[in-house]
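Computed from a predicted model, the values in this text were never measured in an experiment.
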Amino acid sequence: MYENIEDALRDAVRALGGTKAVGGKLFPSLPIEQAASRVADCLNVDRRQHFAPSEVCWLLRQARIAGHHETMVYIATVAGYEPPRPASDPEELAALQQAFIRATSDLKAIGHRIETISARAAIRPAA
């Protein structure tokens, strides 16, 4: 078990190839050494630099893809949740398909509403 979130994230960064590898992907606009230094600063509890929530989510997602689950288990545990299990590809595919079906249905409803309003506007006499 880790002592703090920075230790847990540090382990995820190691699993992803280290600060240079992660920095290059997380902060592509920075020179590699500067990006690596920024990652190292984010992992240092004594520094003011911290990962943004979206960056933590990116790290967790990449760690899951790399087969590293311990950081996510730590976060769930300290938050009082059961240890999570990574979604399998078929489960993720099913969830994505359901989201796609919902989005398609919403788009059809929006399109129908646009057609209805446009048709009403077309038949109204000009004032």
Side-chain angles (χ1 to χ4, degrees):
M1 188 52 81
Y2 307 108
E3 288 191 27
N4 53 44
I5 186 69
E6 289 83 8
D7 286 347
L9 291 171
R10 187 176 299 107
D11 202 26
V13 168
R14 262 190 235 114
L16 295 173
T19 58
K20 283 186 179 181
V22 169
K25 292 179 182 165
L26 203 51
F27 308 113
S29 63
L30 297 177
I32 195 70
E33 293 300 327
Q34 190 177 353
S37 179
R38 187 168 179 181
V39 171
D41 286 348
C42 290
L43 298 171
N44 185 336
V45 295
D46 297 326
R47 297 291 183 134
R48 289 177 26 198
Q49 181 76 43
H50 300 288
F51 289 119
S54 61
E55 293 164 347
V56 172
C57 288
W58 182 87
L59 283 169
L60 293 170
R61 177 89 174 147
Q62 296 306 307
R64 184 191 72 80
I65 291 168
H68 173 83
H69 309 293
E70 291 80 3
T71 302
M72 188 65 224
V73 169
Y74 170 79
I75 292 170
T77 301
V78 298
Y81 288 87
E82 296 273 333
R85 64 174 185 77
S88 67
D89 286 340
E91 289 171 332
E92 185 176 10
L93 178 60
L96 290 171
Q97 288 171 333
Q98 288 299 320
F100 182 82
I101 290 167
R102 282 191 304 276
T104 302
S105 177
D106 291 346
L107 287 174
K108 284 181 184 177
I110 291 168
H112 178 68
R113 187 71 182 135
I114 288 170
E115 288 174 3
T116 301
I117 292 171
S118 296
R120 269 196 310 229
I123 59 172
R124 284 192 183 141

Mind checking whether V73 and L60 sit in one hydrophobic cluster, side chains of I, L, V, M, F, W, Y counted as touching below 4.5 Å?
no
Look up atom CZ in R61 and atom OG in S54, then write down how far apart they are to the nearest 0.5 Å.
15.0 Å
Show me the donor-acceptor pairs, under 3.5 Å and distance only, between side chains in residues 8-26 and residues at least two apart or in other chains.
{"residue": "R10", "atom": "NH1", "partner": "D7", "partner atom": "OD1", "Å": "2.6"}
{"residue": "R10", "atom": "NH2", "partner": "L43", "partner atom": "O", "Å": "2.4"}
{"residue": "D11", "atom": "OD1", "partner": "R14", "partner atom": "NH1", "Å": "3.3"}
{"residue": "D11", "atom": "OD2", "partner": "Y2", "partner atom": "OH", "Å": "2.4"}
{"residue": "K20", "atom": "NZ", "partner": "E33", "partner atom": "OE2", "Å": "2.9"}

Between H50 and C42 the two heavy atoms that sit nearest each other are C-SG, 3.6 Å
Is Y81 reachable from M72 through a run of I, L, V, M, F, W or Y residues, each pair having side-chain heavy atoms under 4.5 Å apart?
no
Is the shortest side-chain heavy-atom distance between T104 and K108 below 4.5 Å?
yes
Between CZ on residue R85 and CZ on residue R64, distance to nearest 0.5 Å:
11.5 Å
How long is the straight-line distance from CG of D46 back to CD of E6, given to the nearest 0.5 Å?
9.5 Å
Would you indicate whether R48, at its atom CZ, is surrounded by more than 12 heavy atoms from other residues, nucleotides or ligands within a distance under 6.0 Å?
no
Which residue is it: V45, V56, I75? I am looking for the one with a side chain to side chain contact (heavy atoms under 4.5 Å, CB included) to I5.
I75
Common cluster, L59/I32, ILVMFWY with side-chain heavy-atom separation under 4.5 Å
no
Residue pair F27 / E55, side-chain heavy-atom distance below 4.5 Å:
yes
Please check this pair: side chain of S105 against backbone of I101, looking for a donor-acceptor N/O pair closer than 3.5 Å.
no
Same cluster (ILVMFWY, side-chain, under 4.5 Å), L30 and W58:
yes
In this structure, OG of S37 is separated from CD of Q49 (nearest 0.5 Å) by 9.0 Å
